[in-house]
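Contents: one structure, followed by commentary.
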Amino acid sequence: MKVAIVEDKGFDNYQELKKILDSLKITSLISGQSSLAKQYASDNNLPNEPSDDITKNADLIICFWNGNQEIQSLIDKADDAGKNILVIKT
C-alpha cells in the first residue's frame, strides 16, 4: 500500500508516526515535505516517492493536523477524490 504522510509544521513526534506506520503493510511512502516520513522510509528500507499530488497517488493519506487551513484543504481534496484518510489531531 502506498501511504502518504502530511504533517503540520511543528509536528515532531517520530514515535507516534512510527507506531501508526508500523501497524500498516506499506510498500512505499509518499513523504512530500515530511522529514519524519523520510526518516521512517530510510529506517525501514522503504521507497520514498516524491509526489506533487498525493491525493492522486496514495492509497492512504495520514495527516497529523493541528487545524492548519492548508492541510484542511488537502483533507477536503482527498475526501472528494474518495481516498482513505486518517486524521490525527495534534
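A quick note: this is a predicted structure, and the numbers were derived from the prediction, not measured.
Relative ring orientation between Y40 and Y14 is described as tilted, the plane-to-plane angle lying within the 30° to 60° band.
In the hydrophobic clustering of ILVMFWY residues, with side-chain heavy atoms under 4.5 Å counting as a link, I88 and L17 come out together. Cluster membership check: L29 shares its hydrophobic cluster with L86, using side-chain heavy-atom separations under 4.5 Å among Ile, Leu, Val, Met, Phe, Trp and Tyr. Hydrophobic clustering (side-chain heavy atoms under 4.5 Å, transitive across Ile, Leu, Val, Met, Phe, Trp, Tyr) groups I30 together with I61. M1 is not connected to V87 by any chain of hydrophobic side-chain contacts under 4.5 Å among Ile, Leu, Val, Met, Phe, Trp and Tyr, and they are in different clusters. Cluster annotation: I54 and I62 are assigned to distinct hydrophobic clusters (Ile/Leu/Val/Met/Phe/Trp/Tyr, side-chain heavy-atom contacts under 4.5 Å, transitive).
With values rounded to the nearest 0.5 angstrom, D43 atom CG is found 14.0 Å from K38 atom NZ.
A58 and K83 get closest at one heavy-atom pair: O-NZ, 2.8 Å. When all heavy atoms are compared, the tightest approach of S35 to E7 is N-OE2, 4.1 Å. Across S34 and A37, no two heavy atoms sit closer than the pair OG-N, 3.0 Å.
A side-chain donor-acceptor contact under 3.5 Å links S23 to the backbone of I20.
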Under the criterion side chain to side chain contact (heavy atoms under 4.5 Å, CB included), I'd like the reasoning laid out for D59 against V3: C-alpha separation, chi angles, the key distance, then a yes or no. CA-CA 6 Å; D59 299 311; V3 177; over 6 Å; no
Yes or no on side chain to side chain contact (heavy atoms under 4.5 Å, CB included) for C63 and I75, after CA distance, side-chain angles and deciding distance? CA-CA 8 Å; C63 298; I75 291 168; 3.8 Å; yes
Please walk me through it: do E16 and F11 pass side chain to side chain contact (heavy atoms under 4.5 Å, CB included)? CA-CA 10 Å; E16 182 177 2; F11 178 77; 3.8 Å; yes
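L36 has its side chain out of reach of I5: every pair of non-hydrogen atoms, C-beta onward, lies at least 4.5 Å apart. Side-chain contact between S28 and L46 is absent, with no heavy-atom pair separated by less than 4.5 Å.
Residues in residues 64-76 take part in these side chain to side chain donor-acceptor pair (under 3.5 Å) pairs, two or more places apart or across chains: Q72-D76.
With sequence neighbours left out, N84 forms a side chain to side chain donor-acceptor pair (under 3.5 Å) with no residue at all.
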